[in-house]
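Labels below follow one simple rule: chain letters A, B, ... track the order of the sequence lines, proteins then strands, and each chain is numbered from 1. What you see below is based on every heavy atom in this structure, not just the backbone, and it leaves out hydrogens, waters and symmetry mates.
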Amino acid sequence: MLRIEQATYDAIVEHAKRDHPVEACGMVAGPVGSDRPTRLIEMVNAAGSPTFYEYDSTDLLHLYREMDDRDEEPVVIYHSHSATEAYPSVTDINLASEPGAHYVLVSTREHGNNPGPVEFRSYRIVDGVVTEEEVTVAASDTPEENS
Amino acid sequence: MAIEVRIPTILRTYTGGEKAVNADGATLSALIDSLEANHPGIKDRLIEGADLRRFVNIYINDEDVRFIGSLEAALSDGDQVVILPAVAGGAR
């Protein structure tokens, strides 16, 4: 199960809507071993594409260094699909390389840049096997975690 | 000569769980052969045919090796090498 705060959930949805029809991508880091997604990092989609995303390689290195320095790890790795459902594609499955992370997919196909509900789903992707999991949106966690 | 190589989570099955290992080589290609000698199987995860795999990033002292000669990139003692799988995907 993925447990995520409402504010983080909303920020991911807002990012996906803002970047539509390009695929939005990013990460929510959290303390190592905590399984708590606490720090959202929007990433630039270096591919700038409606059907593909990739972090810029320099941004990727900086992100991992920063997480290392802060004793964080990737808890959520998210991206949007702008014309298809919020389910991992073959590409998503083949390229998934963080077996400990929750892979979140948001689909903006219904409302694009406009207000309205989106599909927001979460998966584990390990050794090519996709397992969908429940998403629980929590009103708020401990107040001091917003560091 | 010793060069520290940072290993991403997904490849730590080859290094007995180690986050960083030492290897040596005057080029990235030689370094990967040295990694393979101690951690059999890891080379295939980094190289496809004669090239670096498209969705594997390797950095030497924070420089993406694709900008400094790829597998022929030069290494010297004390350099730091980081391996990171690309974070990529999409509906395509």
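- Criterion: ILVMFWY side-chain heavy atoms under 4.5 Å apart, direct or through other members. Under it, Leu71(B) and Ile68(B) are part of a common hydrophobic cluster.
- If you chain together hydrophobic residues whose side chains sit under 4.5 Å apart, Val44(A) and Leu40(A) never meet in one group.
- How far CG of Asp62(B) is from CZ of Arg65(A): 4.0 Å, rounded to the nearest 0.5 Å.
- Ile83(B) and Leu95(A) end up in different hydrophobic clusters when Ile, Leu, Val, Met, Phe, Trp and Tyr side chains are linked at under 4.5 Å.
- Around atom CG of Asp69(A), more than 12 heavy atoms belonging to other residues, nucleotides or ligands sit under 6.0 Å away.
- Nearest heavy-atom pair across His81(A) and Gly90(B) is NE2-C, 3.7 Å.
- Within the 4.5 angstrom heavy-atom criterion, no atom of Asp59(A) approaches chain B.
- A donor atom on one side chain and an acceptor atom on the other are found under 3.5 Å apart for Ser57(A) and Asp64(B).
- With respect to chain A, the highest number of heavy-atom pairs below 4.5 Å among Gly89(B), Ala91(B), Ala86(B) belongs to Gly89(B).
- Atom CD of Glu98(A) and atom OG1 of Thr9(B) lie 4.5 Å apart (nearest 0.5 Å).
- In terms of non-hydrogen atom pairs under 4.5 Å with chain A, the most contact-rich of Arg92(B), Glu63(B), Arg6(B) is Arg92(B).
- Alongside Leu60(A), the hydrophobic cluster contains Met27(A), Ile41(A), Met43(A), Tyr53(A), Tyr55(A), Leu61(A), Leu63(A), Tyr64(A), Met67(A), Ile77(A), Tyr87(A), Ile93(A), Tyr103(A), Leu105(A), Tyr123(A), Ile125(A), Val130(A), Tyr59(B), Val82(B), Leu84(B), Val87(B) (criterion: ILVMFWY side chains under 4.5 Å).
- With respect to chain B, the highest number of heavy-atom pairs below 4.5 Å among Ser89(A), Ser80(A), Ala96(A) belongs to Ser89(A).
- Hydrophobic clustering of Ile, Leu, Val, Met, Phe, Trp and Tyr side chains at less than 4.5 Å, counting indirect connections, keeps Val104(A) apart from Phe52(A).
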